[in-house]
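What follows is a single structure, written as C-alpha coordinates, with notes after it.
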Amino acid sequence: MRKATTRKKSAATAATGTSAAKKVTAKTAATKKAAAKKTAAAKSAAKKTTAKKTTAGDTTAKKAAASKTPAKKTATKAPAKTAGTTPAKATAAPTRALKDESRTAMVRRARRMNRELAEVYPYAHPELDFRNSFELLCATVLSAQTTDLRVNQTTPALFAAYPTPEDMAAADPERLEELIRPTGFFRAKAKSLLGLSAALRDRFDGEVPGRLEDLVTLPGVGRKTANVVLGNAFGVPGITVDTHFGRLVRRFGWTEQTDPEKVEAEIAEIFPKSEWTMLSHRVVFHGRRVCHSRKPACGACPIAHDCPSYGEGELDPEKAKKLLKYEMGGQPGQRLRPPADYPGQPAPPLAGR
(Lines give C-alpha, C1' and ligand atoms only; values in the text may rest on other atoms or scores of the structure.)
Protein backbone atom coordinates (compact mmCIF):
# COMPACT_ATOMS: atom_id res chain seq x y z
CA MET A 1 0.00 0.00 0.00
CA ARG A 2 2.77 2.39 0.90
CA LYS A 3 4.56 1.79 -2.39
CA ALA A 4 1.39 2.43 -4.37
CA THR A 5 0.78 5.70 -2.51
CA THR A 6 4.35 6.81 -3.09
CA ARG A 7 4.06 6.11 -6.81
CA LYS A 8 0.83 8.15 -7.06
CA LYS A 9 2.48 11.10 -5.28
CA SER A 10 5.51 10.97 -7.59
CA ALA A 11 3.26 10.90 -10.65
CA ALA A 12 1.29 13.88 -9.34
CA THR A 13 4.47 15.81 -8.62
CA ALA A 14 5.81 15.08 -12.10
CA ALA A 15 2.55 16.22 -13.66
CA THR A 16 2.64 19.43 -11.62
CA GLY A 17 6.26 20.13 -12.65
CA THR A 18 5.46 19.53 -16.28
CA SER A 19 2.51 21.91 -16.11
CA ALA A 20 4.67 24.60 -14.45
CA ALA A 21 7.35 24.19 -17.07
CA LYS A 22 4.78 24.58 -19.80
CA LYS A 23 3.49 27.76 -18.18
CA VAL A 24 7.01 29.24 -17.94
CA THR A 25 7.71 28.37 -21.54
CA ALA A 26 4.45 29.99 -22.62
CA LYS A 27 5.28 33.17 -20.68
CA THR A 28 8.75 33.30 -22.20
CA ALA A 29 7.33 32.94 -25.69
CA ALA A 30 4.81 35.70 -25.02
CA THR A 31 7.55 37.97 -23.71
CA LYS A 32 9.66 37.36 -26.79
CA LYS A 33 6.71 38.11 -29.07
CA ALA A 34 6.02 41.37 -27.23
CA ALA A 35 9.67 42.40 -27.47
CA ALA A 36 9.68 41.57 -31.16
CA LYS A 37 6.58 43.72 -31.68
CA LYS A 38 8.17 46.65 -29.82
CA THR A 39 11.35 46.36 -31.86
CA ALA A 40 9.35 46.29 -35.10
CA ALA A 41 7.33 49.30 -33.98
CA ALA A 42 10.50 51.21 -33.08
CA LYS A 43 12.06 50.41 -36.46
CA SER A 44 8.91 51.52 -38.24
CA ALA A 45 8.83 54.81 -36.27
CA ALA A 46 12.50 55.43 -37.06
CA LYS A 47 11.88 54.86 -40.77
CA LYS A 48 8.96 57.29 -40.71
CA THR A 49 11.04 59.93 -38.88
CA THR A 50 13.90 59.55 -41.38
CA ALA A 51 11.46 59.81 -44.25
CA LYS A 52 9.96 62.99 -42.77
CA LYS A 53 13.42 64.55 -42.28
CA THR A 54 14.43 63.66 -45.80
CA THR A 55 11.23 65.16 -47.16
CA ALA A 56 11.70 68.29 -45.07
CA GLY A 57 15.32 68.57 -46.22
CA ASP A 58 14.31 68.15 -49.84
CA THR A 59 11.59 70.76 -49.42
CA THR A 60 14.04 73.21 -47.81
CA ALA A 61 16.59 72.61 -50.55
CA LYS A 62 13.93 73.15 -53.21
CA LYS A 63 12.83 76.40 -51.54
CA ALA A 64 16.44 77.59 -51.31
CA ALA A 65 17.02 76.72 -54.95
CA ALA A 66 13.80 78.48 -55.91
CA SER A 67 14.85 81.62 -54.01
CA LYS A 68 18.26 81.64 -55.69
CA THR A 69 16.97 81.16 -59.21
CA PRO A 70 15.23 84.54 -59.57
CA ALA A 71 18.37 86.33 -58.35
CA LYS A 72 20.37 84.82 -61.18
CA LYS A 73 17.72 85.73 -63.72
CA THR A 74 17.34 89.32 -62.58
CA ALA A 75 21.03 90.14 -62.01
CA THR A 76 22.43 92.72 -64.44
CA LYS A 77 25.79 94.28 -65.05
CA ALA A 78 26.90 97.62 -63.66
CA PRO A 79 26.60 100.60 -65.99
CA ALA A 80 28.95 100.68 -68.94
CA LYS A 81 31.22 103.62 -69.60
CA THR A 82 30.29 106.23 -72.17
CA ALA A 83 33.02 108.63 -73.29
CA GLY A 84 32.37 112.20 -72.21
CA THR A 85 29.02 111.38 -70.59
CA THR A 86 27.60 109.59 -67.59
CA PRO A 87 25.81 106.24 -67.77
CA ALA A 88 22.03 106.31 -68.02
CA LYS A 89 21.45 103.56 -65.50
CA ALA A 90 23.25 101.82 -62.64
CA THR A 91 21.58 98.58 -61.62
CA ALA A 92 24.02 96.20 -59.95
CA ALA A 93 27.48 95.88 -58.50
CA PRO A 94 30.32 94.24 -60.41
CA THR A 95 30.81 90.53 -59.82
CA ARG A 96 34.56 90.96 -59.32
CA ALA A 97 35.76 90.23 -55.79
CA LEU A 98 39.09 91.68 -54.72
CA LYS A 99 39.99 88.74 -52.51
CA ASP A 100 39.81 86.44 -55.51
CA GLU A 101 41.56 88.79 -57.94
CA SER A 102 45.06 87.87 -59.04
CA ARG A 103 47.83 90.41 -59.46
CA THR A 104 47.66 90.04 -63.23
CA ALA A 105 43.88 90.55 -63.26
CA MET A 106 44.20 93.65 -61.08
CA VAL A 107 46.84 95.20 -63.37
CA ARG A 108 44.68 94.55 -66.42
CA ARG A 109 41.65 96.05 -64.71
CA ALA A 110 43.63 99.11 -63.55
CA ARG A 111 44.96 99.77 -67.04
CA ARG A 112 41.50 99.33 -68.50
CA MET A 113 40.12 101.87 -66.02
CA ASN A 114 42.86 104.31 -66.99
CA ARG A 115 41.98 103.95 -70.68
CA GLU A 116 38.32 104.52 -69.88
CA LEU A 117 39.12 107.61 -67.80
CA ALA A 118 41.15 108.91 -70.74
CA GLU A 119 38.02 108.69 -72.90
CA VAL A 120 35.88 110.39 -70.27
CA TYR A 121 38.41 113.16 -69.52
CA PRO A 122 40.40 113.77 -72.73
CA TYR A 123 40.83 117.35 -71.51
CA ALA A 124 42.31 116.46 -68.08
CA HIS A 125 44.99 118.96 -67.03
CA PRO A 126 46.58 120.51 -63.95
CA GLU A 127 43.93 122.70 -62.38
CA LEU A 128 46.32 125.42 -61.28
CA ASP A 129 46.77 128.51 -63.45
CA PHE A 130 50.42 129.10 -64.40
CA ARG A 131 52.51 130.56 -67.21
CA ASN A 132 55.92 129.17 -66.28
CA SER A 133 57.64 126.72 -63.94
CA PHE A 134 58.12 129.32 -61.18
CA GLU A 135 54.42 130.19 -61.10
CA LEU A 136 53.48 126.49 -61.06
CA LEU A 137 55.91 125.83 -58.21
CA CYS A 138 54.52 128.67 -56.09
CA ALA A 139 50.90 127.79 -56.88
CA THR A 140 51.46 124.15 -55.89
CA VAL A 141 52.97 125.19 -52.56
CA LEU A 142 49.96 127.45 -51.94
CA SER A 143 47.50 124.64 -52.81
CA ALA A 144 48.14 122.76 -49.56
CA GLN A 145 45.01 122.62 -47.37
CA THR A 146 42.88 124.62 -49.80
CA THR A 147 41.27 124.35 -53.22
CA ASP A 148 42.94 124.99 -56.56
CA LEU A 149 40.15 127.48 -57.22
CA ARG A 150 41.13 129.62 -54.24
CA VAL A 151 44.79 129.47 -55.29
CA ASN A 152 43.91 130.50 -58.86
CA GLN A 153 41.90 133.42 -57.52
CA THR A 154 44.85 134.50 -55.37
CA THR A 155 47.90 134.13 -57.64
CA PRO A 156 47.14 136.86 -60.24
CA ALA A 157 47.86 139.60 -57.70
CA LEU A 158 50.79 137.63 -56.25
CA PHE A 159 52.60 137.20 -59.58
CA ALA A 160 51.80 140.74 -60.65
CA ALA A 161 53.71 141.93 -57.57
CA TYR A 162 56.50 139.30 -57.66
CA PRO A 163 56.94 137.82 -61.15
CA THR A 164 60.41 136.29 -60.58
CA PRO A 165 62.25 134.41 -57.82
CA GLU A 166 64.47 137.44 -57.29
CA ASP A 167 61.45 139.70 -56.80
CA MET A 168 59.76 137.33 -54.37
CA ALA A 169 62.93 136.67 -52.38
CA ALA A 170 63.12 140.42 -51.71
CA ALA A 171 59.43 140.76 -50.80
CA ASP A 172 58.25 142.28 -47.54
CA PRO A 173 56.97 139.31 -45.47
CA GLU A 174 53.89 141.14 -44.23
CA ARG A 175 52.94 142.27 -47.72
CA LEU A 176 53.43 138.72 -49.05
CA GLU A 177 51.31 137.28 -46.25
CA GLU A 178 48.50 139.69 -47.03
CA LEU A 179 48.50 138.73 -50.71
CA ILE A 180 48.23 134.99 -50.02
CA ARG A 181 45.94 135.22 -46.97
CA PRO A 182 42.90 133.75 -48.85
CA THR A 183 44.70 130.40 -49.23
CA GLY A 184 44.94 129.82 -45.48
CA PHE A 185 48.03 129.05 -43.35
CA PHE A 186 49.44 132.19 -44.98
CA ARG A 187 52.32 132.72 -42.53
CA ALA A 188 53.80 129.27 -43.05
CA LYS A 189 53.22 129.49 -46.80
CA ALA A 190 54.82 132.93 -46.99
CA LYS A 191 57.88 131.55 -45.22
CA SER A 192 58.09 128.70 -47.76
CA LEU A 193 57.73 131.08 -50.74
CA LEU A 194 60.45 133.37 -49.41
CA GLY A 195 62.73 130.43 -48.72
CA LEU A 196 62.32 128.68 -52.07
CA SER A 197 62.66 131.97 -53.96
CA ALA A 198 65.91 132.76 -52.18
CA ALA A 199 67.18 129.22 -52.87
CA LEU A 200 66.35 129.53 -56.58
CA ARG A 201 68.13 132.88 -56.70
CA ASP A 202 71.22 131.77 -54.79
CA ARG A 203 71.66 128.12 -55.82
CA PHE A 204 70.00 127.75 -59.22
CA ASP A 205 70.62 131.11 -60.91
CA GLY A 206 66.97 132.09 -60.56
CA GLU A 207 65.74 129.04 -62.49
CA VAL A 208 63.50 126.20 -61.31
CA PRO A 209 65.53 122.97 -61.52
CA GLY A 210 64.22 120.11 -63.63
CA ARG A 211 65.32 117.27 -61.35
CA LEU A 212 63.37 115.79 -58.48
CA GLU A 213 66.53 115.51 -56.38
CA ASP A 214 67.01 119.29 -56.60
CA LEU A 215 63.38 120.29 -56.24
CA VAL A 216 62.85 118.47 -52.94
CA THR A 217 65.72 120.46 -51.39
CA LEU A 218 63.69 123.67 -51.71
CA PRO A 219 61.77 124.89 -48.63
CA GLY A 220 58.14 123.69 -48.64
CA VAL A 221 58.66 121.34 -51.60
CA GLY A 222 58.05 117.59 -51.25
CA ARG A 223 57.69 114.76 -53.74
CA LYS A 224 54.09 115.66 -54.58
CA THR A 225 54.95 119.26 -55.47
CA ALA A 226 58.10 118.16 -57.30
CA ASN A 227 56.16 115.67 -59.43
CA VAL A 228 53.55 118.30 -60.31
CA VAL A 229 56.27 120.67 -61.52
CA LEU A 230 58.26 118.01 -63.34
CA GLY A 231 55.26 116.50 -65.10
CA ASN A 232 53.57 119.74 -66.15
CA ALA A 233 56.41 122.23 -66.61
CA PHE A 234 59.22 119.94 -67.80
CA GLY A 235 57.42 116.97 -69.35
CA VAL A 236 59.11 114.53 -66.95
CA PRO A 237 56.64 111.74 -66.01
CA GLY A 238 55.62 111.70 -62.38
CA ILE A 239 52.80 110.39 -60.18
CA THR A 240 51.18 113.04 -58.00
CA VAL A 241 49.80 111.48 -54.84
CA ASP A 242 47.49 114.10 -53.42
CA THR A 243 44.43 113.47 -51.22
CA HIS A 244 42.15 112.62 -54.15
CA PHE A 245 44.64 110.33 -55.88
CA GLY A 246 45.46 108.34 -52.74
CA ARG A 247 41.79 107.97 -51.84
CA LEU A 248 40.73 106.73 -55.27
CA VAL A 249 43.55 104.25 -55.93
CA ARG A 250 42.68 102.56 -52.63
CA ARG A 251 38.98 102.63 -53.49
CA PHE A 252 39.79 101.14 -56.91
CA GLY A 253 41.75 98.33 -55.24
CA TRP A 254 45.03 99.25 -56.95
CA THR A 255 46.87 99.50 -53.63
CA GLU A 256 46.24 99.28 -49.88
CA GLN A 257 49.08 101.63 -48.95
CA THR A 258 48.40 104.92 -47.16
CA ASP A 259 51.88 106.43 -47.14
CA PRO A 260 52.18 108.69 -50.24
CA GLU A 261 55.63 107.44 -51.21
CA LYS A 262 54.55 103.79 -50.97
CA VAL A 263 51.41 104.57 -52.96
CA GLU A 264 53.54 106.23 -55.63
CA ALA A 265 55.89 103.25 -55.79
CA GLU A 266 53.11 100.66 -56.11
CA ILE A 267 51.16 102.59 -58.73
CA ALA A 268 54.36 103.15 -60.72
CA GLU A 269 54.71 99.36 -61.03
CA ILE A 270 51.22 99.02 -62.54
CA PHE A 271 51.39 101.65 -65.30
CA PRO A 272 54.03 102.46 -67.92
CA LYS A 273 56.06 105.57 -67.14
CA SER A 274 54.63 107.44 -70.11
CA GLU A 275 51.19 107.36 -68.44
CA TRP A 276 52.16 108.62 -65.00
CA THR A 277 51.44 112.34 -65.40
CA MET A 278 48.15 112.02 -67.26
CA LEU A 279 47.04 109.14 -65.01
CA SER A 280 47.42 111.52 -62.07
CA HIS A 281 45.26 114.16 -63.75
CA ARG A 282 42.53 111.70 -64.75
CA VAL A 283 42.24 110.13 -61.31
CA VAL A 284 42.18 113.53 -59.60
CA PHE A 285 39.59 114.82 -62.09
CA HIS A 286 37.39 111.81 -61.37
CA GLY A 287 37.80 112.21 -57.62
CA ARG A 288 36.77 115.86 -57.73
CA ARG A 289 33.83 115.40 -60.08
CA VAL A 290 32.31 111.97 -59.48
CA CYS A 291 34.02 109.79 -56.87
CA HIS A 292 33.62 112.07 -53.86
CA SER A 293 34.96 111.15 -50.46
CA ARG A 294 31.75 111.05 -48.44
CA LYS A 295 29.15 110.31 -51.08
CA PRO A 296 30.45 109.12 -54.43
CA ALA A 297 28.06 109.33 -57.39
CA CYS A 298 28.16 105.58 -58.16
CA GLY A 299 24.96 105.73 -60.23
CA ALA A 300 26.56 108.25 -62.60
CA CYS A 301 30.07 106.79 -62.65
CA PRO A 302 31.43 105.90 -66.11
CA ILE A 303 33.80 103.24 -64.71
CA ALA A 304 31.46 101.67 -62.15
CA HIS A 305 31.53 98.31 -63.95
CA ASP A 306 35.24 97.96 -63.08
CA CYS A 307 35.18 99.43 -59.58
CA PRO A 308 35.20 96.99 -56.63
CA SER A 309 33.79 99.75 -54.39
CA TYR A 310 30.69 100.28 -56.50
CA GLY A 311 27.70 100.68 -54.19
CA GLU A 312 29.38 102.77 -51.49
CA GLY A 313 27.65 105.89 -52.82
CA GLU A 314 24.38 106.98 -54.41
CA LEU A 315 23.10 104.35 -56.87
CA ASP A 316 20.02 106.08 -58.23
CA PRO A 317 21.09 107.60 -61.58
CA GLU A 318 19.05 110.79 -61.23
CA LYS A 319 20.15 111.44 -57.66
CA ALA A 320 23.74 110.60 -58.55
CA LYS A 321 23.77 113.14 -61.40
CA LYS A 322 22.97 115.87 -58.89
CA LEU A 323 26.21 115.05 -57.05
CA LEU A 324 28.44 115.73 -60.08
CA LYS A 325 30.67 118.79 -59.89
CA TYR A 326 32.44 121.27 -62.16
CA GLU A 327 31.89 120.71 -65.89
CA MET A 328 30.30 117.30 -65.23
CA GLY A 329 27.57 119.06 -63.28
CA GLY A 330 27.30 122.12 -65.52
CA GLN A 331 29.23 124.32 -63.07
CA PRO A 332 32.31 126.55 -63.47
CA GLY A 333 35.71 124.89 -63.20
CA GLN A 334 38.66 125.80 -60.96
CA ARG A 335 40.85 127.67 -63.44
CA LEU A 336 40.36 131.29 -64.38
CA ARG A 337 42.33 130.55 -67.55
CA PRO A 338 41.46 126.95 -68.49
CA PRO A 339 42.93 125.21 -71.57
CA ALA A 340 41.22 125.78 -74.91
CA ASP A 341 39.77 122.25 -75.01
CA TYR A 342 38.17 122.49 -71.57
CA PRO A 343 34.41 121.92 -72.06
CA GLY A 344 33.32 123.83 -68.96
CA GLN A 345 33.11 127.45 -67.82
CA PRO A 346 36.08 129.40 -66.40
CA ALA A 347 36.09 130.10 -62.68
CA PRO A 348 35.21 133.62 -61.55
CA PRO A 349 37.90 135.88 -60.05
CA LEU A 350 38.04 136.48 -56.32
CA ALA A 351 35.57 139.16 -55.25
CA GLY A 352 37.27 142.48 -54.49
CA ARG A 353 40.46 141.67 -56.45
With a 6.0 Å cut-off (strictly less than), is the heavy-atom count around [atom1] of [X], excluding the residue itself, greater than 12?
X: Q331; atom1: CD; result: yes
X: R203; atom1: CZ; result: yes
X: E256; atom1: CD; result: no
X: E174; atom1: CD; result: no
X: D205; atom1: CG; result: no

Legend entry - Ionic contact status for R251 with E312, cut-off 4.0 Å: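 A salt bridge links E312 with R251.
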In terms of side-chain heavy atoms, does [X] have a donor or acceptor partner in [Y] at a distance below 3.5 Å?
X: E275; Y: N114; answer: yes
X: D214; Y: T217; answer: no
X: E127; Y: Y326; answer: no

Inset, instruction - Establish, yes or no, whether the cationic atom of R181 lies under 6.0 Å from the six-membered ring centre of F186 and within 45° of the ring axis. - result: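 Output yes; distance and angle both within limits.
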Legend entry - Pairwise side-chain contact, Y342 with R337, heavy-atom cut-off 4.5 Å (strictly under):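 A side-chain contact is absent here, since even the closest heavy-atom pair is not under 4.5 Å.
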Inset, instruction - Answer whether the closest heavy-atom distance between the side chains of M106 and I270 falls below 4.5 Å. - result: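 Contact flag for M106/I270 side chains = yes.
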Legend entry - M278 with F271, same ILVMFWY side-chain cluster at under 4.5 Å: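 Unlinked, M278 and F271 end up in two clusters.
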For residues 130-139, which side-chain donor-acceptor pairs fall under 3.5 Å, sequence neighbours excluded?
| residue | atom | partner | partner atom | Å |
| --- | --- | --- | --- | --- |
| R131 | NE | E135 | OE1 | 3.3 |
| R131 | NE | E135 | OE2 | 3.1 |
| R131 | NH2 | E135 | OE2 | 2.7 |
| N132 | OD1 | F134 | N | 3.1 |
| N132 | OD1 | E135 | N | 2.8 |
| E135 | OE1 | R131 | N | 2.9 |

Identify each donor-acceptor pair in which a side-chain atom of residues 228-245 lies under 3.5 Å from a protein atom, sequence neighbours left out, and give them as a table.
| residue | atom | partner | partner atom | Å |
| --- | --- | --- | --- | --- |
| N232 | OD1 | H281 | NE2 | 2.7 |
| N232 | ND2 | V228 | O | 2.8 |
| D242 | OD1 | H244 | N | 3.2 |
| D242 | OD1 | F245 | N | 2.8 |
| H244 | ND1 | R247 | NH2 | 3.1 |

Can you give me every donor-acceptor pair (side chain of residues 292-302, partner residue at least two apart or in another chain, under 3.5 Å) with its distance?
| residue | atom | partner | partner atom | Å |
| --- | --- | --- | --- | --- |
| H292 | NE2 | R289 | O | 3.3 |
| H292 | NE2 | L323 | O | 2.7 |

Legend entry - Candidate pair H125 and F285, rule ring pair (Phe, Tyr, Trp, His ring centres under 6.0 Å), full reasoning: CA-CA 8 Å; H125 57 269; F285 256 59; 5.2 Å; yes
Inset, instruction - For the pair F252 and H286, name the ring-plane relationship: parallel under 30°, tilted 30 to 60°, perpendicular over 60°. - result: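 Plane angle between 30° and 60°, so tilted.
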